[in-house]
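Worksheet: the structure to be examined is printed underneath.
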Amino acid sequence: MTTARLDRLLANLGYGSRRTVQQLAASGRVVLDGQPITDASRRVPVGPDLPARMTVAGAPVDPPAPLTLMMHKPLGVVCSHKEEGARVYDLLPARWRARDPALSTIGRLDKETSGLLLITDDGPLLHRVISPKSHVPKRYLADLDRPLSGDEAAVFADGGLMLEGEDKPLAPAVLESVSPTRAWLTIHEGRYHQVRRMFAAVGNHVTALHRDRIGGLALPDNLPPGQWRVLAAVEISNIFTGC
Ligand code: URA
């Protein structure tokens, strides 16, 4: 079990400066296993059970790093810190924006794409999920402007499709049609606007896009748009099952 100084732990979780946290502890409002910790220089055990053991001002402490969440990204919010508009981070508790290490999305979904989005402060996990070497499949449901011609599955499976402005062909992708204007598309890469550009390359246009699966992890039916939850270790390893 790792340990950390209480002041450093709570400052890194966004509860305020080391000084603020020292005052909070001195006032008796940080409680571990039922006992107030008034000396913020004390080392405390840090693990996934911390929120069950520690309260801050009467509420369970925020989950410590490493922290990974799944979110049902709603339409109309952006993943990038640089873009204008409401961000996926605004849907999380305000204090979490001050966490160190910071939370980042694992890959991105466009503003007008909904569905499964992973958010983590675990750098090695992030790189493992997005690395092309990991071959983690991502499944999208695309609604299309025009009926499928019937050739798309072969074109996408071929592995030679070149997107406009790029010099490296796409890896093979799997298309399964649901109706003439709706299809599942499973890709193993994460190029910019990839799904929309793939359909554009075969003369179609995506009118709605939703991601329901990353590797072996599916968006649960009971997680409505805008909602999120912390992932358990077993769910994180599920991402890589079958890859
Ligand atoms: N492909 C897209 O075009 N948009 C996304 O958000 C994800 C994949």
Side-chain angles (χ1 to χ4, degrees), residues 1-74 77-82 86-108 116-131 214 217 220 222-224 226-240:
M1 170 74 73
T2 50
T3 63
R5 272 180 64 126
L6 181 67
D7 50 2
R8 191 181 159 95
L9 170 76
L10 293 184
N12 286 347
L13 289 176
Y15 284 89
S17 65
R18 298 269 281 262
R19 174 132 192 78
T20 308
V21 165
Q22 281 158 7
Q23 286 166 350
L24 193 66
S27 72
R29 294 201 292 158
V30 180
V31 176
L32 177 67
D33 297 331
Q35 298 297 320
I37 305 186
T38 51
D39 175 5
S41 69
R42 211 180 108 185
R43 294 192 79 85
V44 293
V46 182
D49 64 345
L50 192 66
R53 297 180 60 185
M54 182 182 280
T55 56
V56 178
V61 71
D62 294 342
L67 173 64
T68 302
L69 321 168
M70 65 155 74
M71 177 182 281
H72 186 160
K73 180 193 169 294
V77 297
V78 299
C79 291
S80 159
H81 285 288
K82 291 185 202 132
R87 299 180 172 90
V88 290
Y89 304 103
D90 299 331
L91 298 169
L92 301 175
R95 186 165 52 234
W96 292 20
R97 292 197 274 285
R99 285 175 69 109
D100 181 13
L103 289 163
S104 312
T105 63
I106 301 185
R108 288 183 186 163
L116 179 59
L117 181 68
L118 300 178
I119 300 176
T120 192
D121 59 15
D122 182 344
L125 174 71
L126 186 152
H127 289 294
R128 194 173 159 216
V129 177
I130 65 176
S131 166
I214 299 176
L217 188 69
N222 62 1
L223 196 66
Q227 300 287 303
W228 55 270
R229 68 170 172 79
V230 174
L231 286 186
V234 62
E235 294 177 299
I236 295 171
S237 49
N238 276 349
I239 298 170
F240 303 100

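In this structure, the side chains of R97 and R87 stay at 4.5 Å or more apart for every pair of heavy atoms. Within the 4.5 Å cutoff, no side-chain heavy atoms of I236 are placed close to those of D122. Taking the side chain as every heavy atom from C-beta outward, N222 and Q227 never approach each other to under 4.5 Å. At least one side-chain heavy atom of Y89 sits less than 4.5 Å from a side-chain heavy atom of T105. Within the 4.5 Å cutoff, side-chain heavy atoms of L9 are placed close to those of L50. Counting heavy atoms from C-beta outward, L231 and R229 have side chains that approach closer than 4.5 Å.
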*What's the verdict on side chain to side chain contact (heavy atoms under 4.5 Å, CB included) for L118 and L125, showing C-alpha distance, side-chain angles and the deciding distance?*
CA-CA 11 Å; L118 300 178; L125 174 71; over 6 Å; no
Please output the side-chain donor-acceptor pairs of residues 59-74 that fall under 3.5 Å, not counting sequence neighbours, one pair per line with the distance.
| residue | atom | partner | partner atom | Å |
| --- | --- | --- | --- | --- |
| D62 | OD1 | Y15 | OH | 3.4 |
| D62 | OD1 | R95 | NH2 | 3.0 |
| D62 | OD2 | R95 | NE | 2.7 |
| D62 | OD2 | R95 | NH2 | 3.2 |
| D62 | OD2 | W96 | NE1 | 3.3 |
| T68 | OG1 | T120 | OG1 | 2.8 |
| H72 | ND1 | L223 | O | 2.6 |
| K73 | NZ | V77 | O | 3.0 |
| K73 | NZ | D110 | O | 3.0 |
| K73 | NZ | K111 | O | 3.1 |
| K73 | NZ | T113 | O | 2.7 |

Listing, residues 25-32 side-chain donor-acceptor contacts under 3.5 Å, not counting sequence neighbours, or none:
| residue | atom | partner | partner atom | Å |
| --- | --- | --- | --- | --- |
| S27 | OG | L24 | O | 2.6 |

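Annotation for L116 and L217: closest pair CD2-O, 3.4 Å, computed over non-hydrogen atoms. A pairwise comparison of heavy atoms in R99 and D121 identifies NH2-OD2, 3.4 Å as the closest pair.
Residue pairs meeting the side chain to side chain donor-acceptor pair (under 3.5 Å) criterion with at least one partner in residues 49-61, sequence neighbours excluded, are D33-R53. Sorted by first then second residue, the salt bridge (charged side-chain N to carboxylate O under 4.0 Å, His left out) pairs that include residues 38-48, not counting sequence neighbours, number zero.
With sequence neighbours excluded, the residues forming a side-chain contact (heavy atoms from CB on, under 4.5 Å) with R18 are R5, D7, R8, A11, Q22, listed by chain and number. With sequence neighbours excluded, no residue forms a side-chain contact (heavy atoms from CB on, under 4.5 Å) with T38.
One finds the CG atom of L126 at 6.0 Å from the OG atom of S104 (value rounded to the nearest 0.5 Å).
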